[in-house]
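By convention in this document, chain letters (A, B, ...) are assigned in the order of the sequence lines, proteins followed by strands, and residues within each chain are numbered from 1.
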Amino acid sequence: MNLVKSALLLAKKDLFSEWKTKQVLVTQIIFASLVIVVFSFAFDPSNNMTKAVIPGIIWVIIVFAGILGLNRSIVSEQRNDTMYALLVAPMEPAGIYLGKFIANFTMIMIVETIAIPFLFLLFDFNMAGSIPYFILIIFVGSFGFVSIGTFLAALAGNSKSSEMLLPLLLFPIASPVLIGVTQATRIVLSDMSKLSSALAWTQMVTSYDVIFFVISLFLIDYVLEV
Amino acid sequence: MNLVKSALLLAKKDLFSEWKTKQVLVTQIIFASLVIVVFSFAFDPSNNMTKAVIPGIIWVIIVFAGILGLNRSIVSEQRNDTMYALLVAPMEPAGIYLGKFIANFTMIMIVETIAIPFLFLLFDFNMAGSIPYFILIIFVGSFGFVSIGTFLAALAGNSKSSEMLLPLLLFPIASPVLIGVTQATRIVLSDMSKLSSALAWTQMVTSYDVIFFVISLFLIDYVLEV
Amino acid sequence: MSMNLEQEKPLLPDSPLSKSKSAYLPKVLLGSTIITMLTSIYFIFLYAEEEKTMGAAQKIFYFHVSSAWVAFFAFFITCLFSILFLVKRQRIYDTYAYVSAEIGVVFTIIVLTTGPIWAKSAWNTWWVWEPRLITTLILFFLYIAYIMIRQMDGVWDKKARLASVFGIIGFVDVPIVFFAIRWWQTKLHPVVFGEGSDQSGGGIAPSMLAALLISILAFTILYAYLLNKGVTLENLKIKVEQYKEKLRMDIEN
Amino acid sequence: MIEITKLTKQADNKLILRGIDIKVSKGETVAILGPNGAGKSTLLKIIAGLIKPTSGLVKMKGLDIKKDGFEIKKSIGYLPHASLLYDHYSPLENLVFFGKLYGVEQVEERAVQLVKEVGLSFFLHDPVKNFSRGMVQRIAIARAIIHDPEILLLDEPHTGLDQGAMTILNNVILTMKNKGTTTLMVTHDFKQAAEICDRIIIIKNGKLVDDFQVKDQSIELVTEKYARQLEGVS
Amino acid sequence: MIEITKLTKQADNKLILRGIDIKVSKGETVAILGPNGAGKSTLLKIIAGLIKPTSGLVKMKGLDIKKDGFEIKKSIGYLPHASLLYDHYSPLENLVFFGKLYGVEQVEERAVQLVKEVGLSFFLHDPVKNFSRGMVQRIAIARAIIHDPEILLLDEPHTGLDQGAMTILNNVILTMKNKGTTTLMVTHDFKQAAEICDRIIIIKNGKLVDDFQVKDQSIELVTEKYARQLEGVS
Ligand code: HEM
Ligand SMILES: Nc1ncnc2c1ncn2[C@@H]1O[C@H](COP(=O)(O)OP(=O)(O)OP(=O)(O)O)[C@@H](O)[C@H]1O
Ligand SMILES: Nc1ncnc2c1ncn2[C@@H]1O[C@H](COP(=O)(O)OP(=O)(O)OP(=O)(O)O)[C@@H](O)[C@H]1O
Ligand SMILES: [Mg+2]
Ligand SMILES: [Mg+2]
């Protein structure tokens, strides 16, 4: 299919240029670590209560580090108006969305595989739950977050100060996903007896993901119109 | 003095354009509110223990909302290379720094006067300590954060992706200020008996502020060279 | 073509230090590194007495403190050469600052790995949030940021200038790390030298002190060796770039 | 080839284009002249499908741009004021990427050849961000023609080019014209317009005010007609 | 007025300028010609004090740019490729801000008058971001001369201007010349160069290869000299 082909081409271009510079990825990872450190002195981690916020922190760092990458993926197309070049090319807007989504999703997965173990280490966290479920939930949550985020980044990109607008749009819309996965993460990390409830949350998030992904594919045409 | 005059002119221009659009301020305030709301989900505000995290939250919102504004204040000079126009004008780099500092500091003070009462309201916080001391500490902390932040924003502005580089530079360098004021805030908000320790922290932060402000005024020449 | 080369020579000056430096310095450094290292290992494992409570695990102390010291020293050198660079604007100073910062990062990583390993046996946890540990971690991130500035795109003098500025202001964290345990009341991280805020310096057995001093000396010489090697390597890289460009220009004209 | 009827464009309440009708047949080379702010760039953007007209019809190759936009896009080469290049990529990487996007076969060879044609083979692997204005413009031209478009839309393509590059550009346009490409070119340079175009359109204040054929590359005719239209306008 | 000796500029290992010596006396109008990537813009940036040379001396009004940069800056008007305007500000606000920065007296009147001169009084209060390329360039020119500089550095000032605006620009330059302003102008347009300049410098590959006076605005002389220097260069 042409759509997928051009999307892959675009994703390849983005990932290749990231591969050459590694700039965004490294920044995201360091940023995630720094957020962990900032939280550590804002909220005393030796306090036992803070152990309970680890699921929250996981998602906070994914969100904050993710926003950096999401914004960049669109802003990088604005220098020299290259976004126009994509728009006048025989490529559907949905292809642009898909391409950006693939690139962003790949990057955030890499960030997570590095930042989360680091977090566990620093907060001296002992895994009491199930790792496969945990990975599943991270995957589902990131998928939702990135698909919503890519769409909204394209929307915010129309503004001169998109890096400011993006969080404002993203937080409210992504909050169902984030609340859901935080709950699910909390359960699979500590209390496997409530697994069924975690699965229900995951299901809820998954359907939200799918709905949003499909809606985005349709609505992106209107967002990317000049 | 010419330095101060041109700095005021620049600050006036920035504040005036902000006055016309109110874009950055509104974004910062909404962003701060969103962070507060997110935290109120993460830490149950009715729980008495969470009162302990309020000083941390105050500084987390100042930092994150502040970064948005700091970055913008430099990036806004890059469109059409207006930064070059300032550099070829008969104006010392220190004047540019000072002007940007004044504008940023004014804006963050406005954000704080709105966001902090909102936070107290949401978390139903009863001030047990001293308000004048609290204001002093907020002032000293913001001064340090903004003076370091403006300087580093100018530094990061040389990079193509300054909004990503800025937090990496700013968090580590500003951390002594942040740690100090968080501790001091914690004390003056809850436990006035340890006031002397709070004052010691404030003193420490103040000297850090002054040192940095002076260093920045000297080193900005090297940063703004093209 | 040959005339061209003649003309351009003064514009691409050879780095002054790479030539004037005698060739035997690296060998001397390497030799003394090996000797002092071996001595320090002897002192650490055979000469110094064992600590009463921690036993053999305490041996890590010597590596821990020595590499922390070297990291501090490396960042001091970075700061010094950064200032020099801003004043003199010669590439060689920048190279020194850069290489030194890289070595400093490596030694900070050593501190940040030996620390937790030791902590696991001493405090039964990998990591605690305690002033010195936080400030050390921040120190690590500071110099990662320093290296990030060097990775920026642009011409070398811009990057060198910005990195120098950051190298200067970044150095403030080093004294903070050092005094962290002396200003704050710390529950865990021991103070050995000087006065702590709630405990006086713990003191140390003379044999341990001797071992410590020797290992610090060994690490410092190792640092000098690495610095020398690193700078030579960087200079070579720069040279290669210059020759490439020269070749390109000759083809062009 | 291109058929525009009653085209208007409004931005907020400002009428930028006020009813434009143009017909361009296959193989023609048309220059669009007009004072600053007349709406030339806006017209080109609409034809390229980048912005939507407020009202009116744009047809190319017999297809309506609203319905068959996708088909039409394949045959358009568009060069606006901006370069549309990725700064951190080299000319080769840029051209290969866009070539692939348009489904060009043997992209690499074509890209290398184009870079050579615009006289920058020497900079084939340098990132575009270090290029001078004229060098960027040369690569931007190469980008616009990478897929051998049937319709070429050029917005002040001579900007920043030195004399050599202008000759190259004119040759490229003429070669493509011989292959049957239709070209619309916005320009302020009467000399170039008279030299390579067979027809000239003058736009003023969002309206088409003149439309005539050029004979014998006579620059005088152009100057005269332009002056007559723009009388009284600064 | 301007005295440049042995100026070189190196970006990484690439030599952009390789030893340039120029002397320009007060009141001269000098055009700088040269192929793309020759280093013309870089030269102008150095004179404007925007970037530092790798080696060599730049003196203006008898002052060394390294030491008395501040004094010199007051008397320089610089127009680079970019417009140096605040997008969301109107022409008036832009000009008033820059006027104040340069300590111009009665800024408002001067600004209004300048906008009128470049023929955009009608857009006095519209934000610059909606302007067309040529309109932006007109305001950019006004910005560069707001403080009546003694030295004017123009980098391809005719870009995007229509015929009317070109005449305006040329008049402005000539008026300022009569007031004793020294002008350095980079351009690719021989016609304009011959028309308004008394002296022409050709730069090629970072070196000054020719330097001659223009007589009787003869464009032929310029073309011929340029062609002779650039023989064999694309
Ligand atoms: C977990 C990570 C750790 C980090 C990041 C860390 C960091 C540091 C640093 C940077 C220094 C050098 C300061 C100086 O030279 O004054 C230091 C010194 C020292 N560390 Fe650690 N440390 C860690 C764990 C530990 C542990 C578990 C112990 C032993 C229980 C320990 C015992 C010491 C001692 C005795 C010194 C010398 C004290 C002094 O300077 O007076 N450290 N540490
Ligand atoms: N988004 C917009 N909002 C308001 N007005 C606009 C907008 N975009 C363009 N305009 C106006 O439309 C007019 C035409 O602009 P356009 O860019 O098409 O001019 P042009 O003919 O290309 O001029 P030039 O020769 O200077 O490039 C200008 O007056 C401009 O101010
Ligand atoms: N930062 C940089 N790094 C590497 N090369 C650079 C850099 N800046 C400029 N150059 C190179 O310097 C050369 C001269 O650039 P400059 O912009 O001065 O050319 P120019 O004479 O103004 O050309 P044009 O007529 O196209 O505007 C070009 O080859 C360019 O690639
Ligand atoms: Mg236009
Ligand atoms: Mg140029």
Side-chain angles (χ1 to χ4, degrees), chain B residues 1-27 72-100 102-103 154 157-158 160 217 220-226, chain E residues 9 11 41-42 44-53 65-66 68-90 93-104 107 125 127-129 131 136-137 139-140 143-144 146-147 149 151-153 155:
Chain B
M1 236 176 86
N2 198 341
L3 179 73
V4 176
K5 216 180 107 196
S6 52
L8 284 177
L9 189 63
L10 184 61
K12 209 181 96 191
K13 180 214 63 151
D14 274 7
L15 289 174
F16 176 63
S17 94
E18 181 56 27
W19 175 251
K20 282 208 304 190
T21 60
K22 298 196 188 57
Q23 203 190 11
V24 179
L25 257 181
V26 170
T27 316
R72 184 110 300 270
S73 81
I74 299 294
V75 170
S76 70
E77 297 286 352
Q78 286 177 348
R79 184 170 288 247
N80 300 333
D81 288 346
T82 44
M83 184 54 104
Y84 293 171
L86 301 182
L87 289 175
V88 298
M91 181 177 191
E92 279 150 64
I96 301 180
Y97 171 72
L98 210 59
K100 290 285 169 189
I102 295 171
N158 284 295
K160 191 164 62 127
L217 279 177
I220 194 79
D221 281 41
Y222 299 103
V223 171
L224 289 182
E225 214 175 81
V226 178
Chain E
K9 174 73 194 176
S41 303
T42 310
L44 237 55
K45 274 185 203 160
I46 292 177
I47 301 178
L50 202 55
I51 58 178
K52 293 221 163 100
I65 200 172
K66 257 188 235 150
D68 302 288
F70 193 82
E71 267 312 300
I72 294 177
K73 278 175 176 179
K74 280 188 197 159
S75 32
I76 290 185
Y78 175 51
L79 173 73
H81 291 321
S83 71
L84 310 192
L85 298 174
Y86 293 100
D87 257 3
H88 50 286
Y89 271 165
S90 70
E93 284 162 338
N94 265 301
L95 293 183
V96 168
F97 171 69
F98 284 109
K100 280 191 187 156
L101 212 53
Y102 280 93
V104 176
V107 224
H125 296 288
V128 170
K129 65 164 175 274
F131 283 15
V136 169
Q137 183 72 5
I139 304 294
R143 191 207 68 84
I146 180 99
H147 55 296
I151 297 170
L152 199 52
L153 307 172
D155 203 344

- Can you list the residues that meet the salt bridge (charged side-chain N to carboxylate O under 4.0 Å, His left out) rule with E/E71, with sequence neighbours excluded? E/K74

- Task: Taking salt bridge (charged side-chain N to carboxylate O under 4.0 Å, His left out) as the test, write out the residues that go with E/K129, two or more places apart.
- Result: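 Not a single residue meets the salt bridge (charged side-chain N to carboxylate O under 4.0 Å, His left out) criterion with E/K129.
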
Restricting to non-hydrogen atoms, name the atom on [X] and the atom on [Y] that form the minimum distance, rounded to 0.1 Å.
X: E/K73; Y: B/M91; result: NZ-O, 4.1 Å
X: B/A85; Y: E/F98; result: CB-CE2, 3.5 Å
X: B/A89; Y: E/Y102; result: CA-OH, 3.5 Å
X: E/F97; Y: B/L9; result: CE1-O, 4.0 Å

- Query: So among E/V136, E/V128, E/D87, E/L84, which one has a side-chain contact (heavy atoms from CB on, under 4.5 Å) with B/N80?
  - Reply: E/D87

- Task: Supply the atom-to-atom distance B/T82 OG1 to E/R143 CZ, rounded to the nearest 0.5 angstrom.
- Result: 9.5 Å

- Message: Once salt bridge (charged side-chain N to carboxylate O under 4.0 Å, His left out) is applied, what residue pairs with a partner in residues 82-100 of chain B remain, sequence neighbours excluded?
- Response: B/D14-B/K100, B/E77-B/K100

- Query: Would you call E/I76 and B/V88 a side-chain contact if the rule is heavy atoms closer than 4.5 Å?
  - Reply: no

- Message: Under a plain distance cut-off of 3.5 Å, with no hydrogens placed, do E/Y89 and B/K13 share a side-chain donor-acceptor pair?
- Response: no

- Note on the structure: Under 4.5 Å to a heavy atom of chain B? For E/Y86 that would be both

- Sort by residue number and list every member of residues 15-24 of chain B having a non-hydrogen atom under 4.5 Å from chain E. B/F16, B/S17, B/K20

- Query: So which of E/L85, E/L50, E/I72 has the largest heavy-atom pair count under 4.5 angstrom toward chain B?
  - Reply: E/L50

